[in-house]
Amino acid sequence: MAMLRCLVAGAALFMPIVNGYKGFRTSLTLKDFKDQMEERELKEARIMARDNDLEKLYPAHTIQIPIDHFHNDSIYEPHTTDTFALRYWFDATHYKPGGPVIVLQGGETDGAGRLPYLQKGIVAQLSEATNGLGVIFEHRYYGESHPTPDFSTKNLRFLTTDQALADQAYFAQNVVFPGLEHLNLTSHKVPYIAYGGSYAGSVVAFLRKLYPDVYWGAIASSGVPEAIYDYWEYYEAARIYAPIECVEATQKLTDIVDNVLIKHSDTQYPQRIKDVFGLGNITRDDDFANTIAQGIAGLQGLNWDRAVNSTEFGYYCANVSSTTVLYPDIAAEREGEVRELLNVAGYGEHDAVKLVNQFLNYIGYVRDTAARSCRGRSQDDCFTNYNSTFYRQDDIRQEWRLWAYQYCFEWGYLQTGSGVPADQLPLISRLINIEYSSTVCREAFNITTPSQVERINKHGGVNISYPRLAHVDGEWDPWRAASPHRIGLPERESTVSEPFILIEKGVHHWDENGLFPNETRPGLPPKPVAEAQKAEAAFVKAWVQEWKVAKGETLDGDDIGDL
């Protein structure tokens with residue numbers, strides 16, 4: 001716990017990223033989608049440009065891929081024989097004849113954002129260790145790999161995991177790398193090793209199982225092969241591993257809010273509790289409950305690499321854990337009101353000894369983050385999850401539709417407070433339920449039934465196993481409950497054929513990041529991360545040797561030319 005406590009203490013010096021970690025999340029709200037649109041506009045204006053130096057170093061290339069790989073499957077009707085340009089990037093710096101092709105699946109984001117892994121992260125490390133060629137592969141529909149002219153629900157029918165898997169297999173069988181045309185670097189001639197983190201980790205795990213003759217091996221980092229519709233367990237990692245003071249405060253503060261909003265819904269108190277948070281103009285109680293619940297979700301944003309680490313979780317915990325008043329003006333103005341609300345919620349004077357100041361600090365945190373972010377607009381405009389006009393937008397700019405469609409259609413993972421067992425205090429409000437979390441499914445895609453998780457779980461779920469398929473997970477990862485390292489499952493033996501690595505105190509695909517040699521120092525990367533990466537290099541080298549033995553160690557003459 002020492003590492004997490006240190007992060008929490010130091011993070012109080014920084015302002016958080018409002019509305020949570022921007023990585024792999026589901027149960028996204030309208031505010032999240034609007035934030036994505038604003039970020040896109042800033043990027044286009046070059047105010048928030050990507051690292052253009054990396055894009056110059058690794059220029060994008062495209063390969064023509066069939067839009068529809070499955071003409072016998074009725075869900076893709078009407079079918080098409082057209083193709084589209086799918087982007088990829090590669091680095092042949094470390095390549096020598098006989099080396100593998102290491103393909104990182106980009107997942108649910110712009111593939112250009114994965115370029116750091118090609119330069120100094122896991123792809124660079126594995127390529128150097130094996131004399132391999134590294135590739136970043138963009139997922140269909142994301143970034144600039146658009147199979148359709150818009151993102152209407154009809155045109156999103158080709159956005160399935162099965163189609164994405166077929167894309168990656170097609171790439172390995174057909175790619176010709178610009179500048180290396182004299183080399184046959186397809187999966188017919190060289191071993192292909194896939195790597196993916198998070199959703200992409202599941203993709204490469206399925207890829208290894210469904211296309212074993214195309215991809216010789218795969219590493220699923222923080223993969224989530226078990227699709228779960230009501231994924232209330234997302235917050236279990238925080239409950240188990242976060243500082244106990246933060247957990248207990250969050251549980252009690254959430255319970256106070258729920259008791260006021262749910263048990264006293266027909267009284268003046270729901271409005272009064274909104275008012276003390278500075279959010280009195282949020283009309284709906286569920287929108288209000290969601291707005292004040294974002295801090296605890298920040299656990300996923302912790303990373304050992306300062307370049308990508310989010311300080312939000314530490315900032316939040318430092319606020320709600322403190323029993324010392326951190327916002328004197330709020331305390332002077334609102335202490336009496338807070339004591340009354342605690343009493344209404346069933347918390348007496350004994351509880352109030354600690355909870356009054358923690359509640360006041362919670363109010364200060366919310367005012368300093370969520371409430372402050374909404375200046376200049378109405379609070380309903382900022383924080384409601386209900387806006388049919390917005391959800392009807394489906395032009396090519398509406399990138400928010402992509403991952404939302406995927407989890408509404410087949411992945412699920414709606415993160416709720418209502419799903420928490422009745423004998424356990426939740427970390428987010430029970431008003432955040434399936435009905436609330438699935439609003440985008442109904443409004444944007446007219447999906448009114450549960451996600452078709454069986455389309456994903458048919459591949460084995462948390463029990464997925466296959467030769468040369470590695471599972472690398474983080475001990476503190478909120479997605480661990482959907483992984484083969486789920487707490488309570490029988491422990492697997494880690495072998496060269498099926499590596500099974502749990503990064504101590506690690507969070508979400510911590511093995512993916514890397515540093516230049518001059519950036520490393522004692523403890524950076526942390527020892528568990530360094531050991532995991534060392535192990536990955538070792539077993540991938542062993543896999544490549546297995547390939548050579550299986551193929552009789554033969555190389556065609558055209559594979560030995562100078563690069």
Side-chain angles (χ1 to χ4, degrees), residues 8 232 235-236 238-240 242-280 282 284-299 313 315-371 416-433 436:
V8 168
W232 63 269
Y235 295 96
E236 283 292 273
R239 185 180 70 85
I240 296 169
I244 188 64
E245 300 89 350
C246 182
V247 173
E248 290 182 350
T250 300
Q251 287 178 316
K252 290 179 179 179
L253 294 172
T254 299
D255 190 48
I256 291 165
V257 172
D258 273 3
N259 286 348
V260 171
L261 296 180
I262 297 172
K263 296 181 179 180
H264 297 274
S265 60
D266 295 328
T267 71
Q268 61 178 306
Y269 290 108
Q271 183 60 51
R272 286 175 63 178
I273 201 168
K274 293 177 190 178
D275 289 339
V276 299
F277 276 94
L279 297 170
I282 296 180
R284 296 182 60 108
D285 292 349
D286 50 8
D287 283 331
F288 167 72
N290 182 68
T291 299
I292 66 173
Q294 296 302 316
I296 196 66
L299 172 61
F313 188 66
Y315 182 83
Y316 166 78
C317 278
N319 272 267
V320 300
S321 300
S322 178
T323 57
T324 301
V325 171
L326 302 178
Y327 303 87
D329 291 345
I330 291 175
E333 178 187 356
R334 295 294 189 178
E335 182 176 346
E337 183 86 347
V338 164
R339 287 184 180 276
E340 183 177 354
L341 288 169
L342 261 61
N343 185 60
V344 168
Y347 285 78
E349 195 60 36
H350 175 73
D351 300 307
V353 173
K354 286 180 62 175
L355 284 175
V356 166
N357 286 351
Q358 288 178 318
F359 201 99
L360 288 166
N361 291 336
Y362 187 23
I363 292 169
Y365 166 81
V366 171
R367 287 191 175 194
D368 210 25
T369 56
T416 70
S418 60
V420 176
D423 61 352
Q424 179 178 314
L425 290 179
L427 290 170
I428 64 171
S429 172
R430 292 189 184 275
L431 288 174
I432 304 173
N433 54 24
Y436 184 82

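Position 1 is the first residue of the sequence, and the numbers go up from there.
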[X] to [Y] - nearest heavy-atom pair and separation:
X: Ser418; Y: Arg430; answer: CB-O, 3.4 Å
X: Val420; Y: Pro426; answer: CG2-CB, 3.8 Å
X: Thr250; Y: Leu427; answer: CG2-O, 3.4 Å
X: Asn319; Y: Asn361; answer: O-CB, 3.2 Å
X: Gly278; Y: Ala371; answer: O-CB, 4.2 Å
X: Ala345; Y: Asn259; answer: O-ND2, 2.8 Å

Do the side chains of [Y] and [X] get nearer than 4.5 Å, heavy atoms only?
X: Val257; Y: Phe288; result: yes
X: Leu341; Y: Tyr347; result: no
X: Val320; Y: Cys246; result: yes
X: Leu326; Y: Tyr365; result: no
X: Tyr316; Y: Thr369; result: no
X: Tyr235; Y: Ile296; result: yes
X: Phe277; Y: Thr291; result: no

Value rounded to 0.5 Å, distance of [atom1] in [X] from [atom2] in [Y]:
X: Ile256; Y: Leu425; atom1: CD1; atom2: CG; value: 10.0 Å
X: Arg334; Y: Asp275; atom1: CZ; atom2: CG; value: 6.5 Å
X: Ile244; Y: Arg239; atom1: CD1; atom2: CZ; value: 9.0 Å
X: Leu431; Y: Ile262; atom1: CG; atom2: CD1; value: 4.0 Å
X: Lys354; Y: Lys252; atom1: NZ; atom2: NZ; value: 6.0 Å
X: Leu279; Y: Ile363; atom1: CG; atom2: CD1; value: 10.5 Å

Does the side chain of [X] come under 3.5 Å of the side chain of [Y] through a donor N or O and an acceptor N or O?
X: Asp255; Y: Gln251; answer: no
X: Glu248; Y: Gln358; answer: no
X: Asn357; Y: Thr323; answer: no

Fill in: side chain to side chain donor-acceptor pair (under 3.5 Å) partner of Tyr269, the single match among Lys274, His264, Glu340
Glu340
Item to complete: May I ask you to decide if the ring planes of Tyr362 and Phe359 are parallel, tilted or perpendicular, using 30° and 60° as cut-offs?
Response: perpendicular
Discussion item. Tell me whether Gln271 contacts the main-chain N or O of Gly280 through its side chain, where contact means a donor paired with an acceptor under 3.5 Å.
Written reply: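 Present.
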